[in-house]
Amino acid sequence: MPPAVLITGAGKRIGAVLARRFGLAGWHVVIHVGHSPDAAHELAAQLPSAEVVQCDLLDGDAALAMLAQLADRLDDWRMLINCAAVFTPDTAQAIDPAVFAEAITVNAETPARMAQAFLARARAHGGKRVIQFLDQKIANPNPDFFSYTMAKHAFASTVRMLAMAEGDPAARIYGLAPGAMLPSFDQRSEEHEISGRMNLLHRLTDPQELADAALFLAEGWLASGETLFVDSGQHLLAQPRDVLYLARQ
């Protein structure tokens, strides 16, 4: 079997783009989905080597059980990409406790626990690697999507800490921070045409660029603990609101 990668949230959107890129590059792709696995199975059928696993990341113990099962049967599991996330609005004026509880669990706690378990349990021919999907908001925050942004900042801190704590010198832990790439939340396509260009280069960033960056982190060499921004320079701006709302203004 080729080297394996587990990509969470890979049944749709950015996760599916990553799954296709890794599959066509010769990897065995484990496509994680939380709900509605039909699209994930359709995607798996199109790739040379792939399978689908299902687990709700709100249940961290279930996620660790899923990871343990994979670790027991995958002989060369080299890569974990924690891509899945929830993106629900609340504000700096009024945090929504339910929104925060879901965001901190799905976007930070469960993937951090999965990274720890993967590094401890997976068998790989060579060093193991983890990519934590972040957001350009970690460098360019605004008050919108308050709980989501808090959770992403917490998750970003795991990259350096896990890299510092990892005892295997061949292991690598990375962050990958995208900007606006696809229509988000309730955004219309014409709004995305505007918001997606709100970056230093005034261009739409192709999700394939993010997939290429992820493959580089999987197969190339960068110091552990580093974070790449793939956002056409959006994180270098100071945007007072989420671009979703800036486009509507």
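A quick note: this is a predicted structure, and the numbers were derived from the prediction, not measured.
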Does [X] reach the main-chain N or O of [Y] with its side chain, forming a donor-acceptor pair under 3.5 Å?
| X | Y | answer |
| --- | --- | --- |
| Lys137 | Ala177 | no |
| Arg129 | Leu217 | yes |
| Trp77 | Met79 | yes |
| Thr110 | Val106 | no |
| Gln234 | Ala180 | yes |
| Tyr174 | Phe133 | no |
| Arg160 | Gly225 | yes |

| query | If two hydrophobic side chains count as joined below 4.5 Å and joins carry through other members, does Leu6 share a cluster with Val52? | reply | no
### Query
If you group Ile, Leu, Val, Met, Phe, Trp and Tyr by side-chain heavy-atom gaps below 4.5 Å, do Leu246 and Phe87 land in one group?
no
Determine whether the side chains of [X] and [Y] contain a donor N or O and an acceptor N or O closer than 3.5 Å.
| X | Y | result |
| --- | --- | --- |
| Ser224 | Glu166 | no |
| Thr205 | Ser232 | yes |
| Asn142 | Tyr245 | no |
| Glu51 | His28 | yes |

Run the salt-bridge test on [X] and [Y] with the 4.0 Å N-O cut-off and return the result as yes or no.
| X | Y | answer |
| --- | --- | --- |
| Arg248 | Asp186 | yes |
| Arg123 | Asp75 | yes |
| Lys152 | Asp135 | no |

Practice prompt. Would you check, one step at a time, whether the test side-chain contact (heavy atoms from CB on, under 4.5 Å) holds for Val230 with Leu176?
Written response: CA-CA 7 Å; Val230 182; Leu176 190 54; 3.9 Å; yes
d(Ile131 CD1, Arg172 CZ) to nearest 0.5 Å is 13.0 Å
Take Arg78 and Trp27 through the side-chain contact (heavy atoms from CB on, under 4.5 Å) test and state the conclusion after the steps. CA-CA 10 Å; Arg78 299 185 194 177; Trp27 289 66; 4.0 Å; yes
Residues pairing under salt bridge (Lys or Arg N to Asp or Glu O under 4.0 Å) where one sits in residues 6-25, two or more places apart or in two chains, turn out to be Arg21-Asp212
